[in-house]
Amino acid sequence: MKEKILEVKNLTFAYEKKPILNDITLSVSRGEKIAVMGSNGAGKSTFFLNLNGVLQRDSGEIFLEGQRIGKKDLAKLRSRIGFVFQDADSQIIASTVRSEVSFGPMNLGLDRKTVEKRVDEAIAYLALEALQDKAPHYLSGGEKKRVSIADILAMQPEILIFDEPMAALDPVNAEKVEEILTKLHAEGKTLLIATHDVDFAYRFADRILVFAEGRLIADEKPADIFQREEILEQAHLKKPAALLVWEALLQAGVVSPKQEYPLTPEAIAAGLYR
């Protein structure tokens, strides 16, 4: 059984007396990759902002590695849980890429040598060496996204939260971001990713959390989530293409119901071959 790194118990949050999150309870194990889904306004971004302490919950508890997080622990929470915003322009504030990536670790109070080392590593990780002296606001959307990820990596958090990381990116840059996410997970990072992309969530995630009207209405494996018609209807989700193809093959008797549901086109081809 994997070690729990994050627990949320009965979390509620309201904005100007309007309930946004209602009684959210869940746990996250170290090294998991979790997709968070639901329609716009379902509470996903607000949930993330509560997790890393940007917003403070009205009630409920958050535990990080078994330690209850109170108001005095918010700095620790923010250093351990990194948040990459959907819109890179809302996250980027500095005049050059290098100074932007330096901002986070400097605010952690680290010495200059440690900051420089972390910045060098983050810039190299995201292949930003040729851009580090450029103004980030003049970069392409894909380049800005890489800068915003480098921002967070330089702080070396345990958990990485991504709010719609592929939003507004062309297919090539979206694929690059997915490759970065895959690499981070392979290196042991715990990932929570809000996304509307059902195909990505289906093939990538270990679990899917589904939000609707501020409530967590499902927390299951992707193949189970996307076979629950009532959940899909309530959260305004569609079935991923790979699942639709496999269900059509099942109905036609081409494949066996005993076979595992494939997550990718390559897995469908392998299933047909068997």
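Numbers here simply count residues along the sequence, with the first being 1. Please read all numbers here as calculations on a predicted model, not as lab measurements.
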- Applying side chain to side chain donor-acceptor pair (under 3.5 Å), name anything that partners Gln227, two or more places apart in sequence or on another chain. Tyr261
- Note on the structure: Contacts of Phe13 meeting ring-ring contact (aromatic ring centres under 6.0 Å, His included) (sequence neighbours excluded), chain-then-number -> none
- Message: If the condition is side chain to side chain donor-acceptor pair (under 3.5 Å), which residues does Arg207 pass it with, not counting sequence neighbours?
- Response: Glu32, Asp219
- Sequence-distant partners of Glu158, side chain to side chain donor-acceptor pair (under 3.5 Å), two or more places apart: Arg30
- Message: Could you work out, with salt bridge (charged side-chain N to carboxylate O under 4.0 Å, His left out) as the rule, every residue matching Glu213, not counting sequence neighbours?
- Response: none
- Message: Strictly distance-based, threshold 3.5 Å: is any side-chain N or O of Thr46 a donor or acceptor partner for the main-chain N or O of Gly43?
- Response: no
- Applying salt bridge (charged side-chain N to carboxylate O under 4.0 Å, His left out), name anything that partners Asp89, two or more places apart in sequence or on another chain. Lys144
- Arg68 and Glu61 ion-paired at < 4.0 Å: yes
- Query: Who passes salt bridge (charged side-chain N to carboxylate O under 4.0 Å, His left out) against Lys76, sequence neighbours left out?
  - Reply: none
- Is Arg228 salt-bridged to Glu230, going by a charged N under 4.0 Å from an acidic O? yes
Would you tabulate the side-chain donor-acceptor contacts of residues 233-243 under 3.5 Å, counting partners in other chains and residues two or more places apart, or write 'none'?
unit_1: Lys239; atom_1: NZ; unit_2: Glu229; atom_2: OE2; d: 3.1
unit_1: Lys239; atom_1: NZ; unit_2: Glu247; atom_2: OE1; d: 3.1
unit_1: Lys239; atom_1: NZ; unit_2: Glu247; atom_2: OE2; d: 3.0

- Message: Main chain of Asp133, side chain of Thr96: is a donor-acceptor contact present, judged purely on distance under 3.5 Å?
- Response: no
- Task: Quick one: sort the Phe211 and Phe47 rings into parallel, tilted or perpendicular, breaks at 30° and 60°.
- Result: tilted
- Message: Just to verify, what does Gln56 make a side chain to side chain contact (heavy atoms under 4.5 Å, CB included) with, not counting sequence neighbours?
- Response: Lys71, Leu74
- Task: List, by chain and then residue number, the residues other than Val172 in its hydrophobic cluster (Ile/Leu/Val/Met/Phe/Trp/Tyr, side-chain heavy atoms under 4.5 Å); write none if there are no others.
- Result: none
- Item | SB check Lys183 Glu179 (cutoff 4.0 Å) | no
- Backbone N or O of Phe85 within a donor-acceptor pair of the Gln91 side chain at under 3.5 Å? yes
- Polar side-chain atom of Ser39 near backbone of Ala42 as donor-acceptor pair, under 3.5 Å: no
- Residue set satisfying salt bridge (charged side-chain N to carboxylate O under 4.0 Å, His left out) with Arg98, at least two apart, ordered chain then number -> Glu116, Asp120
- Applying side chain to side chain donor-acceptor pair (under 3.5 Å), name anything that partners Glu178, two or more places apart in sequence or on another chain. Arg203
